[in-house]
Amino acid sequence: MERVELAAGAARATIDARGAEAARWSVAGTQLLWIKDPRVWDGVAPILFPVVGWTAGGRARVAGKTYPLGLHGFARGMRFAATRLGPSRARFALAAGEETRASYPFDFWLGVQYALFPTALAVGLTVKNRGDAPMPYACGLHPGLRWPFAGGGQEDYAVEFAEEEDPRVPEISADGLFRARRRAAPLEGRRLALTPDAFAAEALCFLNARSRSLRFVGPRGAALKVETSNFNHVALWSRPGAPFLCVESWTGHGDPEGFRGDLYEKPSMRLLAPGAVAHHVARYSFSPARG
C-alpha cells in the first residue's frame, strides 16, 4: 500500500507509506494541511526519528563511531509497512535493518498510528527497544498547517498556549545548532501574535513547555487545537511568506553549539531500556469559524 485513505463523517485524510506522513487532512472540505510545494519546503507532516533537529556536522557518535544522522533523522525518508485497521484508522511500522543501522546502530521498532474523527486527527508514535542495551532516541511530529486556514490574512492569526510560557527562546545558528543565548519571542501572556516575518530568525522553540495544549486561532473563532502527551517541547516554524505554520511536538532538539559528545551524552535524548516501549500522542482538532 503506497497510500492509505481515511474517512470519518465529513473528514478525509491521506497518509503516505513513505515516511508514514500525512499528505492531506480536511474537515467538511476545509483543507487543514498545506499542499506541498517543493520549491518552498519538501514536506507536509514528517515524522522525526531517531533524532530531532540537527546533529553537529550532520553526524552522530556512538561508542567511538560516527554515523550520518543529519537533520531530524531518517524515518521521514523511509517506506513504512502499512496496515489499514478500519475506515478511519491505520498503522505504519518501521523496523531496524541493514539500512537504518548504517545511520543508527540500534534495534528499534517505530509505529505510527493514525485515527481520524469527524473534526479531529490523532497521531501516535510508539517506540520499542528490541536490543539488549539502553537506546537513546528522540522523536517528533512536524505538521505544516495551512496558514491561513479560515480566510483573512496571516496577520489575523495567533497561537494561544494553555499555560504561560517563557518568552525567551534559544538562538539557533546557521548550522541549526542551539546556542546558549536566548532571544525574545513576541509573546504577550499566553498569546503569540503571528506575522509573516515572525520566523525570519529561525524557529521559535519553547523548550520544556508547560503547556500540554495550544490553539492556532484565526478569524471569527476558527481554531486548530493541538493536544499532546509525552512531548517536552513545542516549536513553531515557517518560512517568510510561506502558506503554512508548523506546530511541532518534540521529545528532543538539535545539538547544542559546540557539542561533540556521544548520543548517550546528548542532553535532549531519552534512554529507552531494553525491551521497553514509549508512547507519544498528539491530537489536532478543528473548530470552524462562527457565522
Side-chain angles (χ1 to χ4, degrees), residues 15 17 19-21 45-55 59-83 85 89-115 122-142 207-213 226-235 248-256 259 261-283:
I15 318 299
E21 181 177 9
I47 303 298
L48 315 182
F49 179 86
V51 294
V52 172
W54 279 103
T55 50
R59 302 186 72 81
R61 285 150 292 283
V62 179
K65 295 183 179 180
T66 58
Y67 297 87
L69 268 177
L71 175 65
H72 293 324
F74 49 71
R76 59 194 177 133
M78 301 200 70
R79 192 182 187 286
F80 285 61
T83 305
L85 302 176
R89 298 174 62 236
R91 180 177 61 237
F92 298 79
L94 178 68
E98 183 177 350
E99 184 178 0
T100 68
R101 290 189 182 95
S103 298
Y104 179 68
F106 298 97
D107 191 6
F108 70 89
W109 184 91
L110 174 64
V112 184
Q113 300 84 32
Y114 287 91
V123 187
L125 303 181
T126 300
V127 183
K128 298 181 182 179
N129 180 0
R130 291 177 163 177
D132 55 9
M135 183 180 83
Y137 82 97
C139 64
L141 301 172
H142 194 313
L207 302 184
N208 298 308
R210 299 183 184 96
S211 301
R212 299 278 73 85
S213 68
V226 182
E227 301 168 279
T228 66
S229 173
N230 205 18
F231 286 105
N232 305 58
H233 317 300
V234 174
E248 307 180 38
S249 305
W250 298 347
T251 68
H253 58 75
D255 281 356
F259 179 76
D262 192 280
L263 270 187
Y264 282 105
E265 301 167 331
K266 183 174 173 175
S268 69
M269 299 292 278
R270 294 189 180 185
L271 277 181
L272 198 60
V277 180
H279 301 283
H280 311 270
V281 180
R283 181 183 174 100

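Sequential numbering from 1 along the given sequence is applied to the chain's residues.
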To the closest 0.5 Å, what do you measure between [atom1] ([X]) and [atom2] ([Y])?
| X | Y | atom1 | atom2 | value |
| --- | --- | --- | --- | --- |
| L71 | W54 | CG | CH2 | 5.0 Å |
| N230 | H280 | CG | NE2 | 5.0 Å |
| C139 | M269 | SG | CE | 10.0 Å |

Taking the inter-plane angle between the rings of F74 and F108 on a 0 to 90° scale, is it parallel (under 30°), tilted (30 to 60°) or perpendicular (over 60°)?
tilted

Just say parallel, tilted or perpendicular for the rings of Y137 and F49, cut-offs at 30° and 60°. tilted

Between H233 and N208, is the side-chain contact (heavy atoms from CB on, under 4.5 Å) condition met? List the steps. CA-CA 5 Å; H233 317 300; N208 298 308; 3.5 Å; yes

Minimum heavy-atom separation for [X] and [Y], please, with both atom names.
| X | Y | result |
| --- | --- | --- |
| H253 | L207 | CD2-CD2, 3.9 Å |
| A282 | T228 | CB-CG2, 4.1 Å |
| F92 | A82 | CE2-CB, 3.5 Å |
| A20 | Y114 | O-OH, 2.6 Å |
| R61 | T66 | CG-CG2, 3.5 Å |
| P136 | Y264 | CD-CE2, 3.6 Å |

Indicate yes or no for a side-chain donor-acceptor contact from [X] to the backbone of [Y] under 3.5 Å, with no hydrogens or angles considered.
| X | Y | result |
| --- | --- | --- |
| R130 | F106 | no |
| D262 | A63 | yes |
| N129 | A273 | yes |
| S249 | L141 | no |

With a 4.5 Å limit on heavy-atom distance, are the side chains of [X] and [Y] in contact?
| X | Y | result |
| --- | --- | --- |
| V51 | L263 | yes |
| P50 | L69 | yes |
| L110 | M78 | no |
| Q113 | V123 | no |
| H72 | V52 | yes |
| T126 | W109 | yes |
| M135 | V127 | yes |
| R76 | H142 | no |

**OP:** Might you work through the side-chain contact (heavy atoms from CB on, under 4.5 Å) test for R101 and D107, ending with a clear yes or no?
**Re:** CA-CA 8 Å; R101 290 189 182 95; D107 191 6; 3.7 Å; yes

